[in-house]
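What follows is a short report on a single structure.
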Amino acid sequence: MSKTSDTQKANPLREGLATRTVPQACSVVIFGATGDLTMRKLIPALYNLAADGELPPAVTVIGFARRPKTDDEFRKEQGESTRKFSRQTVRDEVWNSFAQALFYHQSEFHDAAGYKSLAERLDKIDQERGTGGNRLFYLAVAPDQFEPIIKNLKEAGLNKAREGSWARVIVEKPFGTDLASARELNAVVHTAFAEDQTYRIDHFLGKETAQNILVLRFANAIFEPLWNSHYIDHVQITAAETLGVEGRAGYYEGAGALRDMVQNHLLQLLCLVTMEAPTDLSADAIRDEKVKVVRSLRRIPCEKVAENVIRGQYAEGAINGQAAPGYRAEKNVNPNSQTETFVALRLFVDSWRWANVPFFVRVGKRLPKSGTEISVHFKKAPQVLFNKEMSALDQNVLVIRIQPDEGISLRMQAKMPGTSFRIEPVKMDFHYGTSFGKASPEAYERLLLDATSGDATLFARRDEVEEAWAFIDPIEEAWASKEEPPKLFEYPAGSWGPDAADEFLARDGRAWRRL
Ligand code: BG6
């Protein structure tokens, strides 16, 4: 499929998602500046934005962390990691100019003096670099550091914007571990920052194809009339990873796949697929519709968890011919760990549009392939005419590939050329890469740009996060139960999860789509 080249006039009144966001000069203070997220994602994303000319040159980055380090040491270290992790090859002249806007601020997170000196430094940067008093605080730290950082920012008066400027905070996941802790965390954040200053990251929302879901649905006339229980049989959402826990056991052991991926990323995708059309493209109009979906999710009470949710944990196996250890043998994992690395759920959105349409959501680590996709399985054609005498024809399936090879395909039936009347499924396929001829930006690029522009559309709002936890909590509760908790199934690394996950769909007369 190729991009249409007719001259479509841009609507000058577009706002929210559809506009080109206009980033403003500001200071970006990254707490946890020497951590993994900063090195792998944040600085490379800022570098790529700068290299593409998307960032105002005055944007200044201040790394805030505990270890003593000079600005130059920080620049050198970040230069090395950016060269390793950047989407585009790093060009020395671009990096050297970008690095001039990188600074390091050494302090403990709970040391008030460090924030006082930060405030002074930011004032100086405003004068020297023209950052206009705008501040973006990025909490790229473990959740137990959120509270002291927020408290100290407030005490140093850094949460308040001066006239004509702004102060915002970006909070990384995990945003709580259950409803109670998410509420507490929201309360802590709101002691210093109002909701419209708060940007909760869900990096899946920054992925190009996730944003394209709304375009597919609401900028085309042919899908929306079919997008309901009359025509759709069921929907599958899969996020598969070949990676294991990758040295993150400290966090993952207490999280597991349900908290790590489903509560946030997968429910966000589900919202985009199922939400009603928003009244406009503003951040709140879109988020209002998303939160209605989470509220309409049929709750799974503890006693129904075993019927509706399958959990699994990878055992020893092999991926692409390479031996892979079992989860319990990974570093820092409890040898008797009950943490799930795979989960498959059957969900229902109790609304008129989606009445009784099952949504099968599956996520797992150490699966044979990495890929995230949504597949919409339409009802079968009636068994008259072509398939009257034979078994039913395959369903039409619309697949939205979130990653890799971002794109959309539609499976349909076609007559095989020849004298006999054989019908075979074929695919109509759109690939971002070939249609637009350029690579999609990384999710963090888009999200950082939006936060500097004041566009919160692709960030999770307080009520979305809390409603999502309210849905997740009873499942976790059932698993944590001392009396006959639902089984934790093993699956060999390199397989598509436990057999129980296949049987689970087979019981419903359906099967997982092969990625
Ligand atoms: C993170 C999870 O939020 O998302 C990780 O904590 C997971 O466990 C990652 O690997 C997947 O993101 P992506 O963008 O690599 O698909």
Side-chain angles (χ1 to χ4, degrees), residues 21-33 38 42 46 55-56 58-65 101 103-141 143-172 175-176 182-201 282-284 287 447-463 465:
T21 44
V22 185
Q24 287 165 304
C26 62
S27 295
V28 183
V29 181
I30 303 178
F31 292 91
T38 307
L42 304 183
L46 288 163
L55 276 191
V59 168
T60 304
V61 181
I62 300 97
F64 187 119
F103 298 91
Y104 187 74
H105 192 79
Q106 189 266 325
S107 169
E108 293 291 330
F109 295 134
H110 56 260
D111 179 8
Y115 293 76
K116 196 162 164 275
S117 54
L118 174 69
E120 288 159 10
R121 200 157 177 196
L122 290 175
D123 284 342
K124 199 157 156 249
I125 287 173
D126 284 339
Q127 280 161 16
E128 289 172 359
R129 300 187 44 89
T131 32
N134 297 326
R135 279 99 198 246
L136 180 61
F137 300 104
Y138 199 123
L139 307 192
V141 290
D144 57 346
Q145 304 296 343
F146 290 168
E147 190 163 354
I149 294 175
I150 302 241
K151 186 171 147 270
N152 279 301
L153 283 173
K154 186 178 176 201
E155 268 162 29
L158 285 166
N159 58 326
K160 291 242 172 332
R162 302 206 195 109
E163 181 129 6
S165 52
W166 49 259
R168 298 178 189 138
V169 64
I170 300 186
V171 188
E172 258 298 331
F175 206 84
R183 280 192 176 141
E184 255 168 57
L185 180 53
N186 276 324
V188 166
V189 172
H190 287 330
T191 56
F193 295 94
E195 182 63 26
D196 66 359
Q197 293 177 283
T198 308
Y199 290 67
R200 296 175 194 81
I201 287 258
S282 64
D284 274 332
R287 297 188 299 177
L447 296 174
L448 280 161
L449 203 61
D450 284 3
T452 59
S453 325
D455 182 351
T457 313
L458 301 175
F459 293 83
R461 206 169 57 186
R462 174 182 188 155
D463 48 358
V465 171

Is there a donor-acceptor contact under 3.5 Å from the side chain of [X] to the main chain of [Y]?
X: R287; Y: A456; value: yes
X: D126; Y: G133; value: yes
X: R168; Y: A451; value: yes

Where do [X] and [Y] come nearest, in terms of heavy atoms and distance?
X: G130; Y: A25; answer: O-CB, 3.6 Å
X: A58; Y: T131; answer: O-CG2, 3.3 Å
X: R200; Y: R461; answer: NH1-C, 3.5 Å
X: L185; Y: G176; answer: CD2-N, 3.9 Å
X: A161; Y: A167; answer: CB-N, 3.6 Å

For [X], give me all partners under side-chain hydrogen bond (donor to acceptor under 3.5 Å, both in side chains), at least two apart in sequence or on another chain.
X: Q24; value: W166
X: D123; value: R135, R162
X: R462; value: E466
X: S27; value: none

Using 0.5 Å steps for rounding, measure from the [atom1] atom of [X] to the [atom2] atom of [Y].
X: N159; Y: F137; atom1: CG; atom2: CZ; answer: 8.0 Å
X: L118; Y: I62; atom1: CG; atom2: CD1; answer: 7.0 Å
X: L46; Y: I30; atom1: CG; atom2: CD1; answer: 6.0 Å
X: T198; Y: I150; atom1: OG1; atom2: CD1; answer: 7.5 Å
X: L449; Y: L458; atom1: CG; atom2: CG; answer: 11.0 Å
X: I149; Y: F109; atom1: CD1; atom2: CZ; answer: 5.0 Å

Any non-hydrogen side-chain atom of [X] less than 4.5 Å from a side-chain atom of [Y]?
X: F146; Y: V188; result: no
X: L122; Y: V29; result: yes
X: F193; Y: V171; result: no
X: L55; Y: L448; result: no

Self-check item: All ring pair (Phe, Tyr, Trp, His ring centres under 6.0 Å) counterparts of Y104, not counting sequence neighbours
Solution: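 F74.
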Self-check item: All ring pair (Phe, Tyr, Trp, His ring centres under 6.0 Å) counterparts of F459, not counting sequence neighbours
Solution: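 With neighbours one apart ignored, the set is Y199.
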Quiz item: Cut-off 3.5 Å, side chains only: do D455 and T457 have a donor facing an acceptor?
Solution: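 On atom types as modelled, these side chains qualify, holding a pair under 3.5 Å.
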Sequence neighbours excluded, which residues qualify as side chain to side chain contact (heavy atoms under 4.5 Å, CB included) partners of [X]?
X: E172; value: L37, Y138, I201, Y444
X: A156; value: Y115, L158
X: A194; value: D196, Q197

Exercise. Could you tell me whether E128 and R121 have a side-chain N and a carboxylate O separated by less than 4.0 Å?
Key: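 Between R121 and E128 there is no salt bridge, as every charged N stays at least 4.0 Å from the carboxylate O atoms.
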Quiz prompt | Within residues 103-117 or reaching into it, pairs that qualify as salt bridge (Lys or Arg N to Asp or Glu O under 4.0 Å) - sequence neighbours excluded | solution =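 The answer is K116-E120.
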Self-check item: Pairs involving residues 146-161, ordered by first then second residue, that meet salt bridge (Lys or Arg N to Asp or Glu O under 4.0 Å) (sequence neighbours left out)
Solution: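 Listed once each, the pairs would be none.
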Exercise. Under the side-chain contact (heavy atoms from CB on, under 4.5 Å) rule, what do L42 and V28 come out as? Steps first, then yes or no, please.
Key: CA-CA 11 Å; L42 304 183; V28 183; over 6 Å; no
